[in-house]
Amino acid sequence: VVQERSPELLYSEGTRRLDRREWAAGIIYLQEVERQHPYSEWSRRAILMQAYAHYQSNDYAEAIADFDKAIVMAPGEGHYRYQRAMAHFSIAYDKRGKEPTSAETVAEKAGAADLDRAIDLSPSDVDARMLRAGRRLHDEDRMGARVDLRAVDATLAPQSDRRLSVGGMLTELGDYDRAVANYDSWFKAHPEDSSRASAFNGRCWARALAGTGLDQALSDCDAALRLRKGDVSTLDSRALVRLRRGEWKLAVADYDAALKGDPDNAWSRYARGVALTRGGDTKRGSEDHAAALKLDEKIEERAKRYNLTY
């Protein structure tokens with residue numbers, strides 16, 4: 001039994017237990033904040049921390065119930081809707097098999113509705129916008145994803161860590177200039193970051209797809225490979241740069257190295273076939289083309305988006 005205490009002391013003890021990952025013990029103290037000091041600001045904060053604890057302990061249904069209470073207390077707070085959406089999506093996807101259960105389908109729809117409402121209430125919520133942009137990209141709603149990413153791009157501080165993710169998503173949308181601009185902003189603010197190899201590769205890939213700034217793209221890929229020698233993704237990026245530059249043999253060599261590390265990569269195999277064909281080896285090029293289609297029957301749709309076909 002927890003004795004009567006001030007909300008500050010109860011909340012402090014509850015969060016201290018959560019910091020030690022003692023979820024059940026922490027929740028007890030936070031629930032006491034609610035019981036002993038209902039309808040207070042401390043109560044609202046305690047409810048949110050209970051939701052966090054339930055979410056971290058994979059008790060998503062309880063986390064949703066906590067967010068229900070928080071939303072009743074602050075119906076105009078959009079971020080609570082985003083957080084509840086995350087709990088719904090965890091139910092929808094964490095244990096999904098080949099086909100969703102009816103409960104997973106209901107949770108997915110509830111999460112999507114919460115996410116839309118979160119953005120309606122808080123249009124500049126970067127977390128919510130990024131999540132929805134990713135979902136829209138997955139669902140081939142490229143126009144919708146572009147709307148969300150433009151809002152994020154206009155909201156983020158130039159030095160934000162999120163610029164790296166935005167750059168990658170804008171690249172996938174084909175907005176290469178904005179993608180490169182996001183990578184540039186990230187680099188200026190992160191001169192010694194451990195993610196620089198990924199950023200160099202991302203900027204190289206964006207320029208390779210655009211077919212512009214290929215000297216800079218090659219320099220970026222080389223820099224990434226110095227930091228992360230033999231990285232398959234970067235070898236694939238550099239191969240495309242070399243293909244765009246008409247360096248067929250060098251492109252094939254990079255694709256060979258990439259496929260050695262990831263032999264079932266349909267894209268690398270398709271693009272190597274293009275390089276082989278353009279370099280005069282039509283037999284091996286046709287073999288790679290057929291193998292790529294066998295691995296991914298939609299690979300040519302991707303190649304058309306990248307303006308790279310046989």
Side-chain angles (χ1 to χ4, degrees), residues 96-99 133-143 145-146 165 167-176 179-180 183 197-214 216-218 220-222 224-225 228-310:
R96 179 173 291 194
K98 291 184 178 180
E99 296 294 332
R135 288 176 55 79
R136 285 174 162 178
L137 264 176
H138 179 269
D139 294 340
E140 295 295 327
D141 179 6
R142 301 175 72 80
M143 184 177 295
R146 186 171 282 106
S165 297
M169 296 172 81
L170 286 169
T171 299
E172 184 60 25
L173 282 171
D175 195 347
Y176 304 125
V180 169
Y183 285 121
S198 295
F200 277 125
N201 180 35
R203 191 167 64 178
C204 171
W205 179 243
R207 285 174 165 149
L209 290 176
T212 59
L214 295 178
Q216 297 99 314
L218 185 59
D220 276 347
C221 269
D222 286 344
L225 286 168
R228 199 162 55 194
K229 187 176 180 180
D231 179 66
V232 168
S233 176
T234 307
L235 286 166
D236 178 84
S237 299
R238 190 173 70 177
L240 181 59
V241 174
R242 287 173 162 166
L243 200 162
R244 296 287 202 207
R245 287 159 60 102
E247 299 167 352
W248 316 127
K249 289 183 179 180
L250 291 172
V252 170
D254 273 343
Y255 281 126
D256 286 346
L259 285 163
K260 185 176 180 180
D262 186 7
D264 292 330
N265 187 308
W267 169 253
S268 293
R269 196 164 294 277
Y270 181 94
R272 185 178 69 175
V274 174
L276 286 165
T277 300
R278 294 182 182 179
D281 193 343
T282 55
K283 181 177 182 296
R284 287 184 63 203
S286 295
E287 290 171 353
D288 267 350
H289 185 211
L293 287 171
K294 187 174 181 180
L295 288 165
D296 181 359
E297 61 184 14
K298 295 183 178 180
I299 192 64
E300 287 193 312
E301 295 178 16
R302 181 180 176 187
K304 288 177 182 177
R305 287 204 310 270
Y306 296 166
N307 194 27
L308 189 75
T309 55
Y310 281 79

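Quick caveat: nothing in here was measured; it's all calculated off a predicted structure.
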**Student:** Please enumerate all residues that pass salt bridge (Lys or Arg N to Asp or Glu O under 4.0 Å) together with D220, with sequence neighbours excluded.
**Tutor:** R203, R207
**Student:** Can you sort out the partners of T171 under side chain to side chain donor-acceptor pair (under 3.5 Å), two or more places apart, ordered by chain and number?
**Tutor:** none
**Student:** Would you say the side-chain atoms of R244 pair up with the backbone N or O of L209, donor to acceptor, closer than 3.5 Å?
**Tutor:** yes
**Student:** At their closest point, which heavy atom of A224 faces which heavy atom of F200, and how far apart are they?
**Tutor:** CB-CB, 3.7 Å
**Student:** Considering all heavy atoms of both residues, which atom of A179 and which atom of G167 are nearest to each other, and what is their separation?
**Tutor:** CB-O, 3.4 Å
**Student:** Looking at residues at least two apart in the chain, or sitting in another chain, which of them share a side chain to side chain contact (heavy atoms under 4.5 Å, CB included) with R146?
**Tutor:** R150, L173
**Student:** Under 3.5 Å, side-chain donor or acceptor atoms of residues 294-304 against the rest of the protein: list the pairs with distances, not counting sequence neighbours.
**Tutor:**
unit_1: D296; atom_1: OD1; unit_2: K298; atom_2: N; d: 3.0
unit_1: E300; atom_1: OE2; unit_2: H289; atom_2: NE2; d: 2.8
unit_1: R302; atom_1: NE; unit_2: Y306; atom_2: OH; d: 3.2

**Student:** Test L218 against R245 for side chain to side chain contact (heavy atoms under 4.5 Å, CB included), laying out the working first.
**Tutor:** CA-CA 10 Å; L218 185 59; R245 287 159 60 102; 3.9 Å; yes
**Student:** Could you pull out all residues at least two apart from R278 that satisfy salt bridge (Lys or Arg N to Asp or Glu O under 4.0 Å)?
**Tutor:** none
**Student:** When rounded to the nearest 0.5 angstrom, what distance separates CH2 in W248 from OG1 in T277?
**Tutor:** 10.0 Å
**Student:** Donor-acceptor pairs are to be reported for all side-chain atoms of residues 249-263 against protein atoms at under 3.5 Å, with residues two or more places apart or in another chain.
**Tutor:**
unit_1: D254; atom_1: OD1; unit_2: R238; atom_2: NH2; d: 2.9
unit_1: D254; atom_1: OD2; unit_2: R238; atom_2: NE; d: 2.8
unit_1: D254; atom_1: OD2; unit_2: R242; atom_2: NH1; d: 2.8
unit_1: D256; atom_1: OD1; unit_2: R272; atom_2: NH1; d: 2.8
unit_1: D262; atom_1: OD2; unit_2: N265; atom_2: ND2; d: 3.2

**Student:** Listed by chain and number, what are the side chain to side chain donor-acceptor pair (under 3.5 Å) partners of R284, not counting sequence neighbours?
**Tutor:** none
**Student:** Does the side chain of V241 come within less than 4.5 Å of C204's, by heavy atoms?
**Tutor:** yes
**Student:** With sequence neighbours excluded, what pairs up with S165 under the side chain to side chain contact (heavy atoms under 4.5 Å, CB included) test?
**Tutor:** M130
**Student:** So, using salt bridge (Lys or Arg N to Asp or Glu O under 4.0 Å) as the criterion, who are the partners of R136 when residues are at least two apart?
**Tutor:** D141, D148
**Student:** Does W267 reach the side chain of L308, with side-chain heavy atoms less than 4.5 Å apart?
**Tutor:** yes
**Student:** Looking only at heavy atoms, which two atoms of S237 and C221 are closest? And how far apart?
**Tutor:** CB-SG, 3.6 Å
**Student:** Checking D175 now: which residues fulfil salt bridge (Lys or Arg N to Asp or Glu O under 4.0 Å) with it, not counting sequence neighbours?
**Tutor:** none
**Student:** Is there a donor-acceptor pair closer than 3.5 Å between any side-chain N or O of T234 and the backbone N or O of G230?
**Tutor:** no
**Student:** List for me each residue that meets side chain to side chain donor-acceptor pair (under 3.5 Å) alongside D236, sequence neighbours excluded, and say none if there are none.
**Tutor:** S268
**Student:** Please find the pair of heavy atoms, one from G174 and one from R142, that lie closest to each other, and give the distance.
**Tutor:** N-NH2, 4.2 Å
**Student:** Residues two or more places apart in sequence or in another chain: which of them pass side chain to side chain donor-acceptor pair (under 3.5 Å) with R135?
**Tutor:** Y93
**Student:** Ignoring hydrogens and angles, tell me if any N or O in the side chain of Y176 forms a donor-acceptor pair with the backbone of W205 under 3.5 Å.
**Tutor:** no
